[in-house]
Protein chains: 2
Amino acid sequence: MASKGEKTRSDIIVCAKNLFYQRGYEATSFTDIVNASGFFRGNIYHYFKTKDEILEAVIQQRQTDIRTGLAYWDAQYADPKARLNAFVSMVARSSELTEYGCPIGSLNTELGKERRELQDEARVLFDLFRHWLAQQFVALGYEDKAETMSLHLLGRAQGIAVIAQVYHDADVLKRETQMLAEWVREL
Amino acid sequence: MASKGEKTRSDIIVCAKNLFYQRGYEATSFTDIVNASGFFRGNIYHYFKTKDEILEAVIQQRQTDIRTGLAYWDAQYADPKARLNAFVSMVARSSELTEYGCPIGSLNTELGKERRELQDEARVLFDLFRHWLAQQFVALGYEDKAETMSLHLLGRAQGIAVIAQVYHDADVLKRETQMLAEWVREL
DNA sequence: GTCTATAACTCGATAGAC
DNA sequence: GTCTATCGAGTTATAGAC
């Protein structure tokens, strides 16, 4: 069983993950995390020395979340197209997308400007999906185009997320993801 | 002729525009603007009461820039497809895209999280392109689908920008914009 | 009276001593 | 866990120059 400290640590990470997503990394203050988590300042400092360190832990957590999700899809669906559909469905079903955009995309967009060291870690979140999607394209017989197709699909999903958030519009999210599902179907 | 103050004001706006683009709005401090512009603190406050007000002026400036650009394309190209190509070419040619992402998209992504009042102004930048693109689709005979096609094209461009910035990769920018140009060609 | 220049204030965040 | 120092953010005040 996990120690008490493990739980405290992961509680802090969950709080920070939500705040970074909903407000952005720069816009989230250390005090915001203190208030939202309910812990005392010094207590949080015991686990993380800086805000940057919290972000690193959040990114680690997101990596774990994604690996778990991809493994679940691997177990759930044998057919590569069914797996690609699972990916598109995830985008279509995410109601928070119209509020805060894609958690991975918006994080990379922010960090990619002038926090490159941190973006190097956040980019891994894209790589996880990228490699997994490429595997599906390979399985469908697109060996030599798998990587470019994977980036294309990721890009389409990101574009949908941006527009859906800009207009805070669930309809455009639905419409565009249907088009993306159509693209998968025609493979 | 414009007064001296007019020039100072527009110099401040240009500096802030670049900084907000390259670093993000939250990540840019007032001191950053002071240092980059070379003006004195108090001098900048003579022209703008708050940092938010500087951003509003920057967005106004971007609106003007876009209107000018669209008017130029209208004058330059009579054919709707040629105009759509001009739009796609702009994306393909923007070398800064792989560094800092789309200036309009990344700004909206940031402001859309928890600065909705400001995003309401930044969204206009999208609307300008959206309306103009829709006009071209109408001219091509897609009256009833013009609006959705416009959002689709904008989304594709945004997705390309995100991926190009995440991987800081000019190749993917080139490849994906070629695909987008192909999509325009097949209309 | 507009613009420039300098100074100083408030506030909250980070950090670390106790 | 509390308390306090320090720093930097955004902002305001005001004196001098054109």
Side-chain angles (χ1 to χ4, degrees), chain A residues 3-59 107 110-111 113-115 117-118 121, chain B residues 1-61 106-107 110-111 113-119 121-122:
Chain A
S3 70
K4 190 179 175 190
E6 290 281 319
K7 187 180 178 317
T8 302
R9 199 187 129 92
S10 80
D11 282 353
I12 295 167
I13 292 172
V14 169
C15 270
K17 183 170 77 165
N18 289 331
L19 287 170
F20 292 162
Y21 175 38
Q22 291 164 6
R23 305 188 182 181
Y25 179 63
E26 280 290 338
T28 301
S29 71
F30 201 90
T31 302
D32 288 336
I33 300 171
V34 171
N35 294 338
S37 67
F39 296 113
F40 291 94
R41 262 196 136 59
N43 202 353
I44 296 180
Y45 270 110
H46 177 257
Y47 293 95
F48 305 98
K49 278 188 270 297
T50 64
K51 205 177 89 170
D52 280 6
E53 232 173 70
I54 301 179
L55 177 59
E56 283 174 35
V58 165
I59 293 173
L107 183 63
E110 181 178 358
L111 299 178
K113 283 181 182 285
E114 294 241 325
R115 298 306 308 273
E117 344 79 60
L118 284 169
E121 316 211 15
Chain B
M1 175 191 164
S3 72
K4 190 179 179 189
E6 291 280 318
K7 186 183 178 315
T8 302
R9 197 187 131 93
S10 80
D11 283 353
I12 295 167
I13 293 173
V14 169
C15 268
K17 185 169 75 163
N18 290 331
L19 287 169
F20 293 162
Y21 174 40
Q22 291 164 6
R23 306 188 181 182
Y25 178 63
E26 281 290 338
T28 302
S29 72
F30 200 90
T31 303
D32 288 336
I33 301 172
V34 170
N35 293 338
S37 68
F39 295 112
F40 292 91
R41 266 189 125 59
N43 200 357
I44 296 178
Y45 272 104
H46 176 77
Y47 293 93
F48 305 98
K49 279 189 271 296
T50 65
K51 201 179 107 175
D52 280 5
E53 225 173 76
I54 300 179
L55 177 58
E56 282 174 37
V58 166
I59 294 173
Q60 291 292 331
Q61 182 59 54
S106 58
L107 183 63
E110 180 178 0
L111 300 178
K113 284 183 182 286
E114 295 241 325
R115 298 304 309 273
R116 293 285 178 90
E117 345 78 60
L118 283 168
Q119 197 219 357
E121 315 211 15

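What you see is a predicted model, and the numbers here were worked out from it, not measured in a lab. Protein chains get the first letters and strands the later ones, always in sequence-line order, with residue 1 at the start of each. Computed over heavy atoms, backbone and side chain alike; hydrogens, waters and symmetry mates excluded.
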**OP:** Say whether, by atom type as modelled, one donor and one acceptor occur between the side chain of B/E110 and the main chain of B/Y25 under 3.5 angstrom.
**Re:** yes

**OP:** Please list, chain by chain and in numerical order, all residues satisfying ring pair (Phe, Tyr, Trp, His ring centres under 6.0 Å) with B/Y21, sequence neighbours excluded.
**Re:** B/Y100

**OP:** Report the distance from atom CG of B/D11 to atom C1' of C/dC3, rounded to the nearest whole Å.
**Re:** 14 Å

Original post:
Just how far is it from atom CD1 of A/I33 to atom CZ of A/F48, taken to the nearest 0.5 Å?
Top reply: 9.0 Å

Original post:
In whole Å, what is the span from the CD atom of B/E53 to the C1' atom of D/dG10?
Top reply: 13 Å

Protein N or O to nucleotides 12-18 of chain C N or O, pairs below 3.5 Å:
from, atom 1, to, atom 2, distance (Å)
C/dA13, OP2, A/T31, OG1, 3.0
C/dT14, OP1, A/F30, N, 3.1
C/dT14, OP2, A/F30, N, 3.1
C/dA15, OP2, A/Y45, OH, 3.4
C/dA15, OP2, A/K49, O, 3.4

Original post:
How close or far is atom P of C/dA5 from atom OH of B/Y47, stated in whole angstroms?
Top reply: 11 Å

Original post:
With a non-hydrogen cut-off below 4.0 angstrom, is A/F40 in contact with a base, only sugar-phosphate, or nothing?
Top reply: sugar-phosphate

Original post:
Please, which pairs that meet salt bridge (Lys or Arg N to Asp or Glu O under 4.0 Å) have at least one residue in residues 20-33 of chain A, sequence neighbours excluded?
Top reply: A/R23-A/D32, A/R23-B/E114

Subject >> All pairs passing side chain to side chain donor-acceptor pair (under 3.5 Å) where residues 33-46 of chain A contributes a residue, at least two apart >> reply: A/T31-A/R41

Original post:
Atom CD1 of B/I44 to atom P of C/dT6: distance rounded to whole Å?
Top reply: 14 Å

Subject >> Rounded distance in Å - CD1 (B/I33) to P (D/dA9) >> reply: 11 Å

**OP:** Check side chain to side chain donor-acceptor pair (under 3.5 Å) between B/S106 and all other residues, then give those that pass, not counting sequence neighbours.
**Re:** A/K113

Original post:
Run the side chain to side chain contact (heavy atoms under 4.5 Å, CB included) check on B/L55 and B/L107 step by step: do they pass?
Top reply: CA-CA 10 Å; B/L55 177 58; B/L107 183 63; 4.2 Å; yes

Original post:
Tell me, which of residues 12-25 of chain A have any heavy atom that sits under 4.0 Å from an atom in DNA chain C?
Top reply: none

Original post:
Which whole-number value in Å describes the distance from A/E26 CD to D/dA9 P?
Top reply: 11 Å

Original post:
How many angstroms lie between atom OG1 of B/T8 and atom OH of B/Y47, to the nearest 0.5 angstrom?
Top reply: 4.0 Å

**OP:** To the nearest Å, give me how far apart NZ (B/K7) and P (C/dT4) are.
**Re:** 11 Å

Original post:
What is the distance, rounded to the nearest whole Å, between atom CG of B/N43 and atom P of C/dT4?
Top reply: 4 Å

Subject >> Residue pairs fulfilling salt bridge (Lys or Arg N to Asp or Glu O under 4.0 Å) with at least one residue in residues 49-60 of chain B, sequence neighbours excluded >> reply: B/D52-B/R115

